[in-house]
Each structure stands twice: as C-alpha cells, then as structure tokens.
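Below is one structure, written out as structure tokens; the observations come after it.
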2 protein chains.
Amino acid sequence: MLSRKTKYGLKALSFLAKQEDEKPVQISVISEAENISQKFLESILLSMRKTGFLGSKKGKGGGYYLLKKPEEISIAAVYRILEGPIAMVPCVSLNFYEKCHDCPDEHQCSVHRLMVQVRDNTLSILENTTLEDFVKEN
Amino acid sequence: MLSRKTKYGLKALSFLAKQEDEKPVQISVISEAENISQKFLESILLSMRKTGFLGSKKGKGGGYYLLKKPEEISIAAVYRILEGPIAMVPCVSLNFYEKCHDCPDEHQCSVHRLMVQVRDNTLSILENTTLEDFVKEN
DNA sequence: GTTTATCCTATTAAGTCGATAGGAATAATA
DNA sequence: TATTATTCCTATCGACTTAATAGGATAAAC
C-alpha cells in the first residue's frame, strides 16, 4: 500500500503543476486545498526539495515551485523518492536491490520470477505517467 | 513491498504443489527446505488452513496438504489472504475498499485514477498466475 | 525591525512485522 | 495404555515504521 507520505507528495506536486503562473505556493495553501496536515506536508515538500524536484523561497511571498516541467517529472521518480522501491521484493528491485536472506538461488525462486513481471508492468505505467497527465485529467 | 509472511506462504504452497503424492508434509520439512523460521511458518500455514487453502492432519505422519489443485489456486487469492489489498490505495481496492479521508471526491483525484491502472495491471498478472505455473517453471 | 515564510531537529503515539515461547489437543503406533 | 509426533492456539516480544506534532532557527520582504 502507498503511504500517506507518497500520496500527499503526489497530490502536492499535482497541485503545483496546475498553477498557471510560476509564483511560489505556500505550504498552507496546498495543505488546505488538499486536506493534508500542514506540518506533515512541510516535511514532505522539504524532502522533495532536497532531492531536486522542488525549489523554494523563504520569507514573505515565499513558497514552493516545480523545478522541472510537469511532463519531465515521472511518477516513478517521485515514487522512488518518497516510497522507495517499486518492486515488491528487494531481490527484484532495479534501484534498491538486495539479496533475499532465504533464497540460495533467486533464479530458481518462483516468487522472484512472478515479481519481475509485476515490477515490469507497474514500472511501465509509472515511468510513462507524468505530472502533466495529472493536470490534463481535470 | 511484499511481507515475508506472504513470500513464505507462497513458497510453502509452491513446495506443497510440487509433491508428487498426496501425503501430508510436515512444517519442519518445508521450513528446512525453504529456509523459513519454523514457528513463523507454523502460523502462516495455520491461517491458510483456516481460510480454506490447506488441509492438515495431526499426530504422527501428519502435516499439511493442498485442498485444491495447483491450477485452481491463483496467486491473487493467496495474496489477499496473507498480504491484504492488492490495490495501492484503499479507495481503489475491490475487496478492501475504504474511502480516503483526504479526498472529498475520489473521481477527481489524479492519484486515484493512476492507481486504478496499476491495480488492473497487477491484478491481471496475479489472477492469471496459479501455483501450477510455479511448479512448471522448474 | 517586524512579519512571513521555509528550514531543521527532535519527539511521540500507535501500529505492524517477524519471530519466539510454551503448552494443549490429537493421532499413530508400540 | 503409554509414548511419541505432530498440529493447534494464545500470548508476548523487540525492533521498526508511520503519521503527526512541537518549537525554534533562518532568511526574505517590506
């Protein structure tokens, strides 16, 4: 299941992508519009700034804004930052690979093979969906 | 991410499906073959018995056995029992639906629409894969 | 220099996960 | 019938994660 953190992050990015001008948007505005705890959202936006998705401006008239165009931000990239691996088992993850402690040989593991399929399917959706698709939909 | 519980459950079912005769298999045999903590596996098998996937026999020569043919057991069904919802957000779940507390209208939520896609894709894989496929692969 | 905002660190309560412990119940068999 | 082998059941545990909160530091605008 998706954590609230990721869900909130996606909704916030989506909100920013819908802005017509490039003025920074304050946390409080987003948190009210999207029904998200302001303090929690604060930490989420902060981490997305630190990972290069968002820019910010302090002080009066400050806030957050997208650093890239919506069509350049894939959901997969956001997911990996906020949620972590897209794969369902670590031994199938492309970006967060870990050997399973219980499998001597993962190529002989039925679960492994199945989860490769699931990963590839999910990945193709998340890689090919961008914030732009979020904006267009409404 | 898949919990160990689900992974172990799948491996255990797979192990049972590979048996040639119909004799009950003991927990200890499965736990050693698959490198799973015996006590933990015990509780997993128990819950799969209670939900109708497995039969069991007590006492000497006892153990667990499949109640259905491998080709009749879809991974989706097992997943739902052990892991829970296949959907990434509760508002998209077919079997475990819950309204999101932050969305006044889920049809206007971009995350919702995206996760419907992911769910349908994952579902089509998990519904169409059965234990039989696990056996055939090796 | 006051106001408005983000930035940063720390803390917390509740829940989940993976595992363990110990014995009760039941079946086979000697 | 006594013994052994197995599942059954309940309870507990420590470690970790999640979602949220608190409080002040920093920076920019005016």
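Throughout, a chain's letter reflects where its sequence line sits, starting with A, and its residues are numbered from 1.
Residues A/Thr130 and A/Ile75 fail the side-chain proximity criterion, which asks for heavy atoms closer than 4.5 Å. Put simply, the side chain of A/Pro24 does not reach to within 4.5 Å of the side chain of A/Tyr64, judged on heavy atoms. Under the 4.5 Å side-chain criterion, counting only non-hydrogen atoms from C-beta, A/Pro104 is in contact with B/Asn35.
Listed by first and then second residue, the salt bridge (charged side-chain N to carboxylate O under 4.0 Å, His left out) pairs involving residues 59-74 of chain A amount to none (not counting sequence neighbours). For residues 34-59 of chain B, the salt bridge (charged side-chain N to carboxylate O under 4.0 Å, His left out) pairs, not counting sequence neighbours, are B/Lys11-B/Glu34, B/Lys39-B/Glu42.
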Write out a two-atom table: protein N or O, nucleotide N or O from nucleotides 11-15 of chain C, distance below 3.5 Å.
none

Show the distances under 3.5 angstrom between N or O atoms of the protein and N or O atoms of nucleotides 25-28 of chain D.
{"residue": "D/dA27", "atom": "O4'", "partner": "A/Lys58", "partner atom": "NZ", "Å": "3.3"}

Kindly list each side-chain donor-acceptor pair under 3.5 angstrom involving residues 120-129 of chain B, sequence neighbours excluded, with atom names and distances?
{"residue": "B/Asn121", "atom": "ND2", "partner": "B/Gln117", "partner atom": "O", "Å": "3.3"}
{"residue": "B/Thr122", "atom": "OG1", "partner": "B/Val118", "partner atom": "O", "Å": "2.9"}
{"residue": "B/Ser124", "atom": "OG", "partner": "B/Asn121", "partner atom": "O", "Å": "2.9"}
{"residue": "B/Asn128", "atom": "ND2", "partner": "B/Ser124", "partner atom": "O", "Å": "2.6"}
{"residue": "B/Thr129", "atom": "OG1", "partner": "B/Ile125", "partner atom": "O", "Å": "2.8"}

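Residues satisfying the side chain to side chain donor-acceptor pair (under 3.5 Å) criterion with B/Thr6, sequence neighbours excluded, are B/Ser3, B/Glu83. Under the side chain to side chain donor-acceptor pair (under 3.5 Å) criterion, B/Glu106 pairs with B/Tyr97, sequence neighbours left out. Residues forming a side chain to side chain donor-acceptor pair (under 3.5 Å) with A/Gln19 (at least two apart in sequence, or on another chain): none. Partners of A/Ser93 by side chain to side chain contact (heavy atoms under 4.5 Å, CB included), not counting sequence neighbours, listed by chain and number: A/Pro85, A/Ala87, A/Phe96. A search for side chain to side chain donor-acceptor pair (under 3.5 Å) contacts involving B/Tyr8 returns A/His101, not counting sequence neighbours.
In this structure, CG of A/Asp102 is placed 14 Å from C1' of C/dA19, rounded to the nearest angstrom.
Residue whose closest nucleotide on DNA chain D sits further toward the 5' end, between A/Glu83 and B/Gly63: B/Gly63. Summary of the strand contacts: A/Gly61 and A/Ser56 both lie near DNA chain C, and taking for each the nucleotide with the nearest heavy atom, the more 5' one is attributed to A/Gly61.
Nearest nucleotide to the side chain of B/Tyr64, out of D/dT7, D/dC9, C/dC7: D/dT7.
When all heavy atoms of B/Ala12 and B/Leu41 are compared, the closest pair comes out as CB-CD1, 4.0 Å. When all heavy atoms of B/Ser14 and B/Leu131 are compared, the closest pair comes out as N-CD2, 4.1 Å.
Within residues 1-11 of chain B, no residue has a heavy atom under 4.0 Å from DNA chain D. Remark: B/Ser37, B/Lys39, B/Phe40 in residues 29-49 of chain B come within less than 4.0 Å of DNA chain C through at least one heavy atom.
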